[in-house]
Structure formats: C-alpha cells, structure tokens
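Just so you know, these numbers use all the heavy atoms, side chains as well, and skip hydrogens, waters and symmetry mates. Note that the numbering runs from 1 along the sequence shown for the chain. Order of listing sets the numbers, starting from 1, for every ligand and every atom in it.
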Amino acid sequence: MRIVLLGPPGSGKGTQAALLVKQLGIPHISTGALLRDAAKRGTELGLRAKARTDKGELVSDDVMSGMLEERLQLEDVAKGFILDGYPRNLAQANSLDILLKRLNQPVDEAILIDINAEQILKRIAKRAQEEGRADDTEETVRNRLRVYAEQTAPVADYYAERGLLTRVLGDGGVDEIFQRLRSILSLGTAPT
Ligand code: AMP
C-alpha cells in the first residue's frame with residue numbers, strides 16, 4: 001500500500017504515520033525527518049537545507065526529489081510506504097508521479113488531514129515544548145502555514161482530480177483520528 005499523507009504543519013501527520021507503520025508494517029518516509037537527520041549529521045546538503053527549514057521556506061525541488069529517490073531505492077519500500085511531507089507543491093506532485101511510474105509503484109491513496117488554524121497553533125505550541133524543533137517558533141510557524149496555503153494546499157486538488165483523495169477530520173484525540181484513518185483504509189476497528 002502506497003499512501004501519501006497530506007495536511008498542514010501540526011495536523012498530526014507524523015503521529016498518525018507512526019501508528020500506521022505499526023499496523024501496516026511499511027515504512028514511514030518523512031522528508032522533513034530526512035532533512036533534520038542530514039542536518040544533525042552535518043552533511044553539506046543538510047546544513048544548506050537547514051537555512052531554509054529554519055525560516056519555514058521549502059527546500060528546492062531538485063534536492064528533495066533526489067533525496068526521495070535515494071530513499072525509495074531501499075529495499076524496505078517493496079511492500080509500500082507512507083509518505084509524509086512530500087509532495088509539497090504541484091511540481092513535486094508531478095515528479096513523484098513520474099518517479100513512481102518508473103518504479104512501477106503508483107500512489108494508491110492520498111489522505112488529507114483537515115484541521116483549522118486555531119488547532120494547528122495549539123498543537124504546534126505543544127510540540128515546541130515536547131520536541132524543541134528549531135522551526136516551531138512562532139514566526140517560522142506563521143511562515144510555514146503561509147507556504148502551506150500557497151504551495152501545498154493545491155496538491156490535495158491534484159490527487160482529488162485523479163480520484164485518489166480522501167479527507168479525514170483532524171480534530172479530536174490521536175486515537176479518534178487513527179480510527180478514521182483505519183476506516184478509510186478498510187482496516188476495521190482497533191480493539192480497545
Ligand atoms: P516537516 O517535518 O514535513 O514539517 O518539514 C519541515 C521542513 O522541511 C519544512 O518546513 C520544509 O522547510 C522542509 N521540507 C520537508 N519536506 C519538504 C519538501 N517535500 N519540499 C521542500 N521542503 C521540504
């Protein structure tokens with residue numbers, strides 16, 4: 001199963017992806033996490049990208065598609081993957097289509113976690129305390145939300161036009177949202 005998870009910063013994509021990984025046994029590919037890892041390791045690419053991520057700006061499409069292609073070469077994606085944070089604009093959505101066609105692994109489902117601005121700000125404030133991410137400061141978050149609205153939101157329409165998009169309400173608790181995802185993916189109800 002190849003799933004693209006969409007949603008604004010703070011919508012809970014990472015949290016839900018981690019739960020889906022346990023359920024489905026396929027890897028979670030987060031391009032944001034790949035960038036944070038590269039920066040932590042101090043690679044040239046990682047440090048250059050950090051200048052952008054710290055401001056809430058997107059890293060260039062070329063860098064991101066190269067990074068993703070490299071990740072998709074690893075064997076663990078044979079049974080599928082959950083993609084989180086990519087595609088982030090229409091150009092990336094197009095390159096992903098081309099890349100996955102070449103690998104004979106097209107996207108099966110795109111899921112948009114829908115959440116309003118007020119909840120986003122609440123969640124990010126909580127995450128800032130818990131994780132201390134450099135790009136969770138108030139000014140950067142505001143920029144990330146603007147970049148999302150301008151560049152990333154149209155990606156949902158891209159998948160809707162191809163009949164691949166399902167929207168899921170992102171309000172409520174982690175388990176509640178996970179149940180909604182399970183039902184979309186026909187995974188039944190989790191034992192309580
Ligand atoms: P995330 O962890 O998905 O919120 O990503 C954190 C930051 O990494 C974003 O604000 C961007 O600066 C950068 N980033 C992650 N994925 C992409 C992507 N697909 N294209 C461009 N920049 C990205």
Side-chain angles (χ1 to χ4, degrees), residues 2-21 27-73 77 81-100 107 110-115 117 119-159 170 174 177:
R2 290 169 295 274
I3 302 168
V4 170
L5 265 189
L6 300 169
S11 58
K13 296 188 299 291
T15 306
Q16 294 299 328
L19 294 172
L20 285 172
V21 164
H28 170 205
I29 302 178
S30 154
T31 48
L34 291 176
L35 288 170
R36 284 187 288 279
D37 181 58
K40 210 160 111 195
R41 284 185 287 117
T43 67
E44 193 195 328
L45 185 152
L47 295 177
R48 235 177 322 128
K50 191 168 162 35
R52 310 274 306 162
T53 59
D54 279 356
K55 283 191 275 180
E57 300 290 339
L58 294 186
V59 175
S60 81
D61 292 344
D62 282 353
V63 166
M64 294 316 298
S65 67
M67 188 175 255
L68 183 68
E69 182 160 3
E70 205 174 287
R71 177 62 185 86
L72 290 176
Q73 307 294 334
V77 301
F81 50 79
I82 300 157
L83 198 49
D84 156 14
Y86 192 100
R88 214 82 167 202
N89 58 30
L90 290 175
Q92 291 185 6
N94 267 311
S95 355
L96 181 65
D97 262 358
I98 293 167
L99 172 62
L100 294 181
V107 169
I111 301 175
L112 171 67
I113 305 184
D114 242 337
I115 178 168
Q119 279 173 316
I120 290 172
L121 294 174
K122 247 198 246 165
R123 289 217 188 142
I124 292 187
K126 187 165 168 252
R127 181 169 75 188
Q129 281 182 342
E130 289 169 359
E131 295 177 23
R133 259 176 65 165
D135 59 350
D136 276 344
T137 61
E138 198 183 327
E139 194 187 335
T140 302
V141 167
R142 215 174 301 126
N143 200 29
R144 286 163 64 205
L145 290 173
R146 187 183 54 74
V147 168
Y148 179 82
E150 288 173 7
Q151 302 191 49
T152 311
V155 173
D157 298 331
Y158 178 95
Y159 287 109
V174 171
I177 301 165

*Say whether Arg133 and ligand 1 are in contact under the criterion: heavy-atom distance to a ligand atom below 4.0 Å.*
yes
*asked:* Are the side chains of Arg36 and Ser30 in contact, using a 4.5 Å heavy-atom criterion?
replied: yes
*So which protein heavy atom does atom 2 (O) of ligand 1 come closest to, and at what separation?*
Arg36 NH1, 2.9 Å
_Side-chain donor/acceptor of Asp135 to backbone N/O of Thr140, under 3.5 Å_ = no
*What pairs with Arg88 under side chain to side chain donor-acceptor pair (under 3.5 Å), at least two apart in sequence or on another chain?*
none
*Nearest protein heavy-atom contact for atom 14 (N) of ligand 1: which residue, which atom, what distance?*
Leu35 CD1, 3.5 Å
_Protein heavy atom at shortest distance from atom 7 (C) of ligand 1_ = Thr53 CG2, 3.8 Å
*Should one rank Lys55, Arg88, Arg144, Met67 by closest heavy-atom distance to atom 5 (O) of ligand 1, which comes out on top?*
Arg88
_Out of all atoms in ligand 1, which are within 4.0 Å of some heavy atom of Thr31? Include the element for each._
15 (C), 16 (N), 17 (C), 19 (N)
*Does Glu150 CD have over 12 foreign heavy atoms under 6.0 Å away?*
yes
*Going by heavy-atom distance to atom 11 (C) of ligand 1, choose the closest among Lys50, Glu57, Arg52.*
Glu57
*So is there a nitrogen or oxygen of Ser30 less than 3.5 Å from a nitrogen or oxygen in ligand 1?*
no
*Evaluate the side-chain proximity of Ile29 to Leu34: yes if any heavy-atom separation is below 4.5 Å, no if none is.*
yes
*Nearest protein heavy atom to atom 22 (N) of ligand 1, by residue and atom, and its distance?*
Val59 N, 3.0 Å
*NZ of Lys40 to CG of Leu47: how many Å apart, nearest 0.5 Å?*
13.5 Å
*asked:* For Met67 versus Ala38, what's the shortest heavy-atom pair and its separation?
replied: CE-CB, 4.5 Å
*asked:* Counting only heavy atoms closer than 4.0 Å, does ligand 1 sit against the backbone of Asp135, its side chain, both, or neither?
replied: side chain
*In ligand 1, which numbered atoms sit nearer than 4.0 Å to a non-hydrogen atom of Gln92?*
18 (C), 19 (N), 20 (N), 21 (C)
*Hey, what do you get for OG1 (Thr152) to CG (Asn89), rounding to the nearest 0.5 Å?*
7.0 Å
